[in-house]
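A short worksheet on the structure shown next.
Since we're looking at a predicted model, the values are computed, not measured.
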Amino acid sequence: FSIRDYSHLYGDRLGCAHLLDEILQRIHPRLHLSGHIHDSFGISLFKDEQQQILFANVAMKAHRRMNQPIVIDYFY
């Protein structure tokens, strides 16, 4: 919710606030991939004092065109 989830069709954010709470409070991933909200294709970096999470919406199509590939170089 509120990260890469805006839909122009509905004029609103369509993500799940409960999922965001689980991600930030319990799971703590370094990378979170999604792909259903086609309008919000791209990458956002979330940072706070405790964690850093790369959110990537990797939807294939938006507005009848193919999106550019996203390449993530991930080193751990």
Answer with yes or no whether the hydrophobic clustering places [X] together with [Y]; edges join I, L, V, M, F, W, Y residues whose side-chain heavy atoms lie under 4.5 Å apart.
X	Y	value
V58	I72	yes
L19	I37	no
I70	L31	yes

Can you measure from [atom1] ([X]) to [atom2] ([Y]) and round to the nearest 0.5 angstrom?
X	Y	atom1	atom2	result
H38	R64	NE2	CZ	13.0 Å
L24	F46	CG	CZ	4.5 Å
C16	D21	SG	CG	8.5 Å
F41	M60	CZ	CE	10.5 Å
E49	Q51	CD	CD	9.0 Å
N57	S40	CG	OG	6.0 Å

Report task. Please examine the side chains of I23 and F55, heavy atoms only from C-beta on, and report whether any two atoms are closer than 4.5 Å. Result -> yes

Of all heavy-atom pairs between [X] and [Y], which one has the smallest distance, and what is that distance?
X	Y	value
Q50	D48	N-OD1, 2.9 Å
G35	A59	O-CB, 3.2 Å
S2	L20	OG-CD2, 4.0 Å
F1	D5	CA-OD2, 3.3 Å
H28	Q25	NE2-O, 3.2 Å

**Report entry** R4 side-chain N/O to I43 backbone N/O, donor-acceptor pair under 3.5 Å
**Finding:** yes

**Report entry** Greater than 12 external heavy atoms within 6.0 Å of Y10's OH
**Finding:** no

Requested in this report: May I ask you to check whether over 12 heavy atoms, not counting those of H36, lie within 6.0 Å of atom NE2?
Outcome: no

Query raised in the report: Should the ring pair Y6 and H8 be called parallel, tilted or perpendicular, given that the plane angle runs from 0 to 90° and is split at 30 and 60?
Result: perpendicular

